[in-house]
J.: 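Following this message is one structure expressed as structure tokens.
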Amino acid sequence: MSELLTDRLHLRAFSLADFEAHAQITADPEVMRYIHAGPLTRVEAWWNLARYVGHWQLRGYGMWAAVERSSGDVIGHIGFLNPEGRRGFELGWALARSAWGKGYAREGTRAAVIHAFCVLNQPHITCVIRAENLRSIRLAEQLGAILEHEVEEAGNRLLIYGIARRAPVAA
């Protein structure tokens, strides 16, 4: 499993020791507001973490634990999912509220996009974002994503953004 280092983040594989931090982050209704129908229970957080770990085994890439280098704290997750029957190679991220507004999401997703194009040789990355999630839309656009289409799913309007390898990755 690959690891990425940025100035302030260490993106690495999740371990069992990360479960408490992951459960706490995904139990926050504001963190999960645009991701899930509500906060995750501990059991749901466990299965979510198992999904992330298993994805690495099946696809050779997946979600990294986003670790703040200065503190060593897990502050969220950033990475890729590509489950069968979904929308292809998808970039996703979620950070603890305490990490919001510090540029961590941009820093981590930028490193992930570069990794996807330069190491994984992916030609296209998808970002699936709820229409009301303006912060994530802004971040996707900063990464060079363009709106490709919209879909309605489970009563939510989802915007499907795409980043093509030819698109510049914002500095």
J.: Not counting sequence neighbours, which residues clear ring pair (Phe, Tyr, Trp, His ring centres under 6.0 Å) with Tyr104? List them please.
T.: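 Result, ring pair (Phe, Tyr, Trp, His ring centres under 6.0 Å) vs Tyr104: none returned.
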J.: By ring pair (Phe, Tyr, Trp, His ring centres under 6.0 Å), which residues pair with Trp93, not counting sequence neighbours?
T.: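 Checked Trp93 against ring pair (Phe, Tyr, Trp, His ring centres under 6.0 Å); zero matches.
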J.: Quick one: which residue pairs count as a salt bridge (charged side-chain N to carboxylate O under 4.0 Å, His left out) with a foot in residues 94-104, not counting sequence neighbours?
T.: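 Every pair satisfying salt bridge (charged side-chain N to carboxylate O under 4.0 Å, His left out) with a residue in residues 94-104: Asp28-Arg97.
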J.: In the hydrophobic clustering that connects Ile, Leu, Val, Met, Phe, Trp and Tyr at side-chain heavy-atom distances below 4.5 Å, which members other than Leu58 occupy its cluster, ordered by chain and number?
T.: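 For Leu58, no cluster forms, as it stays isolated from other hydrophobic side chains.
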J.: Using the test salt bridge (charged side-chain N to carboxylate O under 4.0 Å, His left out), find all partners of Glu153 that sit at least two apart in sequence or belong to another chain.
T.: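 Only Arg86, Arg87 meet the salt bridge (charged side-chain N to carboxylate O under 4.0 Å, His left out) criterion with Glu153.
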J.: Using the test salt bridge (charged side-chain N to carboxylate O under 4.0 Å, His left out), find all partners of Arg135 that sit at least two apart in sequence or belong to another chain.
T.: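 Scan of Arg135 (salt bridge (charged side-chain N to carboxylate O under 4.0 Å, His left out), adjacent residues dropped) gives none.
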J.: Listing request: all ring pair (Phe, Tyr, Trp, His ring centres under 6.0 Å) pairs with a residue in residues 17-39, at least two apart in sequence or in separate chains.
T.: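 Every pair satisfying ring pair (Phe, Tyr, Trp, His ring centres under 6.0 Å) with a residue in residues 17-39: Phe14-His22, Phe19-Trp46, His22-Tyr52.
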J.: Go through the structure and list residues passing salt bridge (charged side-chain N to carboxylate O under 4.0 Å, His left out) with Glu68, not counting sequence neighbours.
T.: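 For Glu68 there are no salt bridge (charged side-chain N to carboxylate O under 4.0 Å, His left out) partners, ignoring immediate neighbours.
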J.: With sequence neighbours left out, what residues match His115 under ring pair (Phe, Tyr, Trp, His ring centres under 6.0 Å)?
T.: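 With sequence neighbours excluded, His115 shows a ring pair (Phe, Tyr, Trp, His ring centres under 6.0 Å) to Trp64, given in chain and number order.
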J.: How is the hydrophobic cluster of Ile146 composed, in terms of its other members, when Ile, Leu, Val, Met, Phe, Trp and Tyr link through side-chain heavy atoms under 4.5 Å apart, directly or indirectly?
T.: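 Result for Ile146 is none, singleton.
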J.: List in chain and number order the residues that pass ring pair (Phe, Tyr, Trp, His ring centres under 6.0 Å) with Tyr61, two or more places apart in sequence or in another chain; answer none if no residue qualifies.
T.: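 Ring pair (Phe, Tyr, Trp, His ring centres under 6.0 Å) check on Tyr61 returns His55, Phe89.
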J.: Can you pull out every salt bridge (charged side-chain N to carboxylate O under 4.0 Å, His left out) where at least one residue sits in residues 120-133? Sequence neighbours excluded, please.
T.: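 As it turns out, the salt bridge (charged side-chain N to carboxylate O under 4.0 Å, His left out) pairs with a partner in residues 120-133, which skip direct neighbours, are Arg130-Glu132.
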